[in-house]
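The structure under discussion appears below in the form of structure tokens.
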Amino acid sequence: MTKNKIENAKKLLRSGELVIFPTETVYGLGGNANDKKAVKRIYNIKKRPANNPIICHFKSLKEIKKDFYLSKLEELLAKKLWPGPITLILRKKTNSKISQLVSNKSPYVGCRIPQDKIALQLLKSLNFPLAAPSANFSERTSVTKFKDLDKNLIKKIFTIKGEQSKLGLESTVIKVKKNTIELLRLGSITPNEILKVAKKSNIKFIRTSKISPGNLKKHYATKKKIRINVIKVNDDEGLINFGKNNLKSKIINLNLSRNGNLKEASRNLFHFLHKLDQSKCKKIAIAPIPSVDLGLTINDRIKRASKK
Ligand code: TXA
Ligand code: MG
């Protein structure tokens with residue numbers, strides 16, 4: 001079944017078409033990264049501004065090394081954290097075939113090797129990397145479950161269905177500058193996990209959207225209004241709870257993790273946002289979530305989703 005789907009996807013991608021595929025973080029909307037027209041299509045369909053670069057997905061470090069220069073620290077991070085949910089911004093070689101459009105003409109391109117079985121299988125069947133942003137319209141909520149994909153998107157684009165994404169939050173985006181690791185987007189790998197690998201480095205949080213346009217304040221938006229850190233749920237609100245407490249909605253109650261497990265909460269977050277968007281409640285209330293480890297990423301996402 002999946003084998004056939006990968007065969008189909010391969011044919012489409014080779015001819016410059018796009019394909020939606022699962023990854024361990026969120027679903028991706030992929031196209032041939034070497035094909036200018038395919039990359040243009042991604043921007044158009046997503047309604048994404050051209051100055052917001054797209055991550056390239058590769059099957060192996062060997063392939064990445066053909067196109068990019070890696071410092072010692074970058075290589076260390078690559079070897080320890082790939083395949084996995086980390087995106088390294090690397091400097092492209094001048095003879096690389098990767099389209100300039102993926103990075104708004106900058107030689108610095110976001111690269112990642114995903115660990116999801118289907119994503120890797122698909123990449124291994126191709127002889128080019130896949131440019132792939134998250135498979136949602138610009139500024140909207142990312143997708144971790146097949147049935148949450150936008151109907152207008154899957155009507156137009158061939159989609160490979162996977163299990164619910166194992167991690168549920170997008171990759172962590174970093175750029176290495178000598179011994180400093182700049183964190184451009186919080187993600188599924190925490191700063192502590194990065195420091196465990198790169199023991200002698202330090203991490204610097206970058207929050208400006210000039211360097212990483214994906215850091216725009218409004219993002220991940222649901223159709224319904226969101227309130228975060230609630231201490232009481234209003235009558236017209238559905239609740240996304242966390243842990244054990246006395247919060248209760250009169251309409252719908254979901255709990256990211258009753259045991260207060262941040263991994264479980266990360267996996268559930270985007271699906272719950274989609275679920276409440278489809279439910280009877282008028283607005284969405286979200287319980288406080290501790291700002292540690294993955295809680296930092298969860299809070300980043302819900303804070304931006306709650307921006308008007
Ligand atoms: O987990 C993920 O990263 C998913 C899956 C599909 O791999 N992809 C994803 O892509 O989340 P997207 O396009 O939704 O978010 C990419 C983020 C944006 O914040 C973008 O600004 C940043 O990465 N980014 C990509 N390339 C960059 C570059 N060359 N320089 C700076 N930031 C970059
Ligand atoms: Mg996105």
Side-chain angles (χ1 to χ4, degrees), residues 1-50 52-59 85 87 98-99 101-104 109-110 112-114 116-171 214 219-223 270-271 273-275 277-278:
M1 175 66 180
T2 314
K3 210 174 155 201
N4 283 343
K5 285 230 158 187
I6 288 186
E7 254 330 286
N8 274 340
K10 183 173 135 183
K11 278 184 205 142
L12 291 166
L13 289 164
R14 272 187 180 161
S15 67
E17 300 286 327
L18 308 184
V19 164
I20 294 174
F21 62 98
T23 85
E24 71 276 21
T25 58
V26 299
Y27 272 82
L29 166 63
N32 180 350
N34 298 343
D35 178 347
K36 192 168 103 188
K37 279 191 192 148
V39 177
K40 225 177 193 163
R41 261 196 190 131
I42 298 176
Y43 281 97
N44 287 342
I45 286 193
K46 262 193 77 117
K47 304 195 178 80
R48 183 183 181 106
N52 191 3
I54 297 178
I55 296 170
C56 288
H57 297 68
F58 294 82
K59 61 183 155 198
T87 295
I98 293 173
S99 164
L101 292 182
V102 303
S103 53
N104 198 21
V109 176
R112 139 167 149 86
I113 305 174
D116 177 88
K117 241 182 168 172
I118 296 178
L120 261 187
Q121 224 176 315
L122 177 63
L123 285 162
K124 283 182 180 161
S125 77
L126 304 166
N127 58 0
F128 48 81
L130 284 180
S134 51
N136 52 274
F137 289 109
S138 214
E139 293 187 355
R140 290 288 169 192
T141 314
S142 304
V143 176
T144 53
K145 233 179 156 153
F146 176 77
K147 67 170 187 193
D148 295 334
L149 285 163
D150 193 293
K151 301 289 166 291
N152 290 319
L153 212 52
I154 51 174
K155 237 193 282 170
K156 288 186 230 164
I157 297 164
F158 182 78
T159 301
I160 308 177
K161 183 181 171 190
E163 303 285 323
Q164 177 164 6
S165 298
K166 200 177 90 191
L167 304 175
L169 297 169
E170 297 90 341
S171 63
H219 213 99
Y220 310 101
T222 44
K223 290 181 201 124
F270 288 139
H271 174 52
L273 289 175
H274 283 283
K275 216 165 162 175
D277 239 354
Q278 300 297 327

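The structure displayed is predicted, hence computed values, not measured ones. Heavy-atom basis, side chains included; hydrogens, waters and symmetry copies ignored.
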Q | Donor-acceptor contact present, side-chain Ser99 to main-chain Ala33, <3.5 Å | A | no

Q: Ignoring hydrogens and angles, tell me if any N or O in the side chain of Asp277 forms a donor-acceptor pair with the backbone of Lys223 under 3.5 Å.
A: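 Looks like yes, one N/O pair under 3.5 Å.
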
Pairwise side-chain contact, [X] with [Y], heavy-atom cut-off 4.5 Å (strictly under):
{"X": "Pro53", "Y": "Asn104", "answer": "no"}
{"X": "Val143", "Y": "Ile20", "answer": "no"}
{"X": "Ile54", "Y": "Arg48", "answer": "yes"}

Using 0.5 Å steps for rounding, measure from the [atom1] atom of [X] to the [atom2] atom of [Y].
{"X": "Leu120", "Y": "Ser125", "atom1": "CG", "atom2": "OG", "value": "11.0 Å"}
{"X": "Phe58", "Y": "Leu126", "atom1": "CZ", "atom2": "CG", "value": "12.0 Å"}
{"X": "Thr2", "Y": "Ile6", "atom1": "OG1", "atom2": "CD1", "value": "6.5 Å"}
{"X": "Leu130", "Y": "Leu29", "atom1": "CG", "atom2": "CG", "value": "10.5 Å"}
{"X": "Lys47", "Y": "Ser138", "atom1": "NZ", "atom2": "OG", "value": "9.5 Å"}

Which heavy atom of [X] sits nearest a heavy atom of [Y], and at what distance?
{"X": "Lys59", "Y": "Ile113", "value": "O-CG2, 3.9 Å"}
{"X": "Cys56", "Y": "Val109", "value": "SG-CG1, 3.9 Å"}
{"X": "Ala131", "Y": "Val102", "value": "CB-CG1, 3.9 Å"}
{"X": "Thr141", "Y": "Ala221", "value": "OG1-O, 3.1 Å"}
{"X": "Pro22", "Y": "Ile160", "value": "CD-O, 3.3 Å"}
{"X": "Ile42", "Y": "Gly30", "value": "CD1-C, 4.3 Å"}

**Q.** Residues that Lys46 engages under side chain to side chain donor-acceptor pair (under 3.5 Å), provided they are two or more places apart
**A.**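 So Lys46 forms a side chain to side chain donor-acceptor pair (under 3.5 Å) with Ser134.
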
Q: Sequence neighbours left out, what passes side chain to side chain donor-acceptor pair (under 3.5 Å) with Lys5? Give chain and number order.
A: none

With sequence neighbours excluded, what pairs up with [X] under the salt bridge (charged side-chain N to carboxylate O under 4.0 Å, His left out) test?
{"X": "Lys156", "result": "none"}
{"X": "Glu163", "result": "none"}
{"X": "Arg140", "result": "none"}

**Q.** Criterion side chain to side chain contact (heavy atoms under 4.5 Å, CB included) on Phe21 and Asp116, from CA distance to verdict
**A.** CA-CA 10 Å; Phe21 62 98; Asp116 177 88; over 6 Å; no

Q) Between Thr25 and Ser171, do the side chains contain an N or O donor and an N or O acceptor separated by less than 3.5 Å? A)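 On atom types as modelled, these side chains do not qualify, holding no pair under 3.5 Å.
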
Q. Hey, mind stepping through Leu153 and Ile45 against side chain to side chain contact (heavy atoms under 4.5 Å, CB included) and telling me if it holds?
A. CA-CA 8 Å; Leu153 212 52; Ile45 286 193; 3.5 Å; yes

Q | Partner residues of Asn34 under the side-chain contact (heavy atoms from CB on, under 4.5 Å) criterion, sequence neighbours left out | A |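 Scan of Asn34 (side-chain contact (heavy atoms from CB on, under 4.5 Å), adjacent residues dropped) gives Asn32, Lys97, Ile98, Phe128, Pro129.
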
Q) Going by the side chain to side chain donor-acceptor pair (under 3.5 Å) test, which pairs reach into residues 142-151, not counting sequence neighbours? A) Ser142-Glu170, Asp148-His271

Q | Listed once per pair and sorted, the salt bridge (Lys or Arg N to Asp or Glu O under 4.0 Å) pairs that draw on residues 32-41, sequence neighbours left out | A | Glu17-Arg41

**Q.** salt bridge (Lys or Arg N to Asp or Glu O under 4.0 Å) contacts touching residues 22-31 (sequence neighbours left out)
**A.**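 As it turns out, the salt bridge (Lys or Arg N to Asp or Glu O under 4.0 Å) pairs with a partner in residues 22-31, which skip direct neighbours, are Glu24-Arg112.
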
Q: Applying ring-ring contact (aromatic ring centres under 6.0 Å, His included), name anything that partners Tyr27, two or more places apart in sequence or on another chain.
A: none

Please list every donor-acceptor pair under 3.5 Å in which a side-chain atom of residues 7-16 meets a protein atom from a residue at least two apart or in another chain.
{"residue": "Ser15", "atom": "OG", "partner": "Lys11", "partner atom": "O", "Å": "3.4"}
{"residue": "Ser15", "atom": "OG", "partner": "Leu12", "partner atom": "O", "Å": "3.0"}

Q: Determine, step by step, whether Thr159 and Lys161 satisfy the side chain to side chain contact (heavy atoms under 4.5 Å, CB included) criterion, reporting the C-alpha distance in whole Å, the side-chain angles of both residues, the deciding distance to 0.1 Å, and the verdict.
A: CA-CA 6 Å; Thr159 301; Lys161 183 181 171 190; 5.7 Å; no

